[in-house]
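Since the structure comes first, as structure tokens, the remarks are kept for the end.
Counting convention: from 1, in listed order, for ligands and their atoms alike. Just so it is clear, the model here is predicted, and its values are computed rather than measured.
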Amino acid sequence: MRDLKLPAVRPSEITAERYFHMRRGLLASGLGLATASLLPAPGRAASAAPNVAPGPAALRYTPNPRYAVTDRSNSYEEITGYNNFYEFGLDKSDPAANAGSLRTRPWSLTIAGEAEVTGTFHLEDILKPHPLEERIYRHRCVEGWSMVIPWVGFPLADLLARFRPNSRAKYVEFTTLLDPRQMPGQQRAVLDWPYVEGLRIDEAMNPLALMVVGVYGRELPNQNGAPLRVHLPWKYGFKSGKSIVRIRFTERQPLTSWPAASPGEYGFYANVNPMVDHPRWSQATERRIGAGLFAPRRPTELFNGYAEQVAGLYRGLDLRRSY
Ligand SMILES: Nc1nc2c(c(=O)[nH]1)N[C@H]1C(S)=C(S)[C@@H](COP(=O)(O)O)O[C@H]1N2
Ligand SMILES: [Mo]
């Protein structure tokens, strides 16, 4: 673990300019190291990788072959055009249409609860020490669809460890921004805003748990949860909190948004499990986005195919009761 000096944010320090330089800095360092094939200059990206529309800034990252499913990745358009992000509307196309109103710079992250280091920190200081990697993960929504996504991020465990959670820290809670002007969906009482997610601390510390800042080699588009979202590929998509502003270490299991809204339908664990159906539909199969209307549904795998890495976390737990 790195020993980091993490200066807290003073309100007067939060300026748009600072974040502008951060973006520029990332871009410049990326270009500095560019091996042309891995990191096309932004202007040329469209020709180098037809899937990637020009737009968000390119990131500097290393592919991690250990975590790279071999199924064909979904296209940039599918990944950024078919989203669940109720803060911007309920239809899958709403986030892409409406998330432009979210300002992701400046951004700060508050660390709270059962840890030695707490406070509010500049996103820049949060990200600086973490080398970025690309991991191609399966993504399975509780609604029965799935995608394959080349995320760019870093292990969540590396971030959490910097704040030195204490022995009472049994869970980690993630809270999304609350701002009905930037997030117009919050003007309707669809959920009890802000959106809250949570994990057991050993789940959060599992090497698969990824703090995501980009997709397809570029900064995350707003509709995918910019500037900071988690992804746990063995869990249903709703466990991946987006646009996170607070991480809190707790002794008790946090009350998270979906179990709070509908306790009979959504559990805290939300591990992908073909044997445990949602009360209103089966979870045995899934529809791969982009596969075409007539493509057969695929069988869903236990823990979304990541059982080898995560089954040990749940030994002794009745997955039918703790769903
Ligand atoms: N704040 C917030 N986070 C959220 C959601 C949401 O509505 N609000 N939806 C969740 C659900 S149900 C899914 S499937 C994933 C979708 O992530 P993606 O759009 O990047 O695929 O985000 C999750 N995180
Ligand atoms: Mo979902």
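With a heavy-atom cut-off of 4.0 Å, Asn84 touches ligand 1 through backbone and side chain alike. In Trp193, neither the side chain nor the backbone holds a heavy atom less than 4.0 Å from any atom of ligand 1. Contact annotation for His139 and ligand 1: only side-chain heavy atoms (C-beta onward) come within less than 4.0 Å of the ligand.
By the 4.0 Å N-to-carboxylate-O rule, Glu87 lies too far from Lys242 to be salt-bridged with it. Glu219 has a carboxylate O that lies under 4.0 Å from a charged side-chain N of Arg105, or vice versa, which qualifies the two as a salt bridge.
Counting only non-hydrogen atoms, the option in Phe85, Tyr195, Phe174, Trp258 that gets closest to atom 4 (C) of ligand 1 is Tyr195.
Looking from atom 20 (O) of ligand 1 to the surrounding protein, the closest heavy atom is Arg229 NH1, 2.7 Å.
Side chains of Arg218 and Tyr216: no donor on one and acceptor on the other come within 3.5 Å.
Here is the list of ligand 1 atoms found below 4.0 Å of a heavy atom in Gly237: 10 (C), 11 (C), 13 (C), 14 (S), 15 (C), 22 (O), 23 (C).
Taking the side chain as every heavy atom from C-beta outward, Glu286 and Arg138 never approach each other to under 4.5 Å.
Heavy-atom separations between Gly225 and ligand 1 are all 4.0 Å or longer. Distances shorter than 4.0 angstrom do not occur between any heavy atom of Tyr266 and any atom of ligand 1.
Not less than 6.0 angstrom separates the ring centroid of Phe163 from the ring centroid of Phe249.
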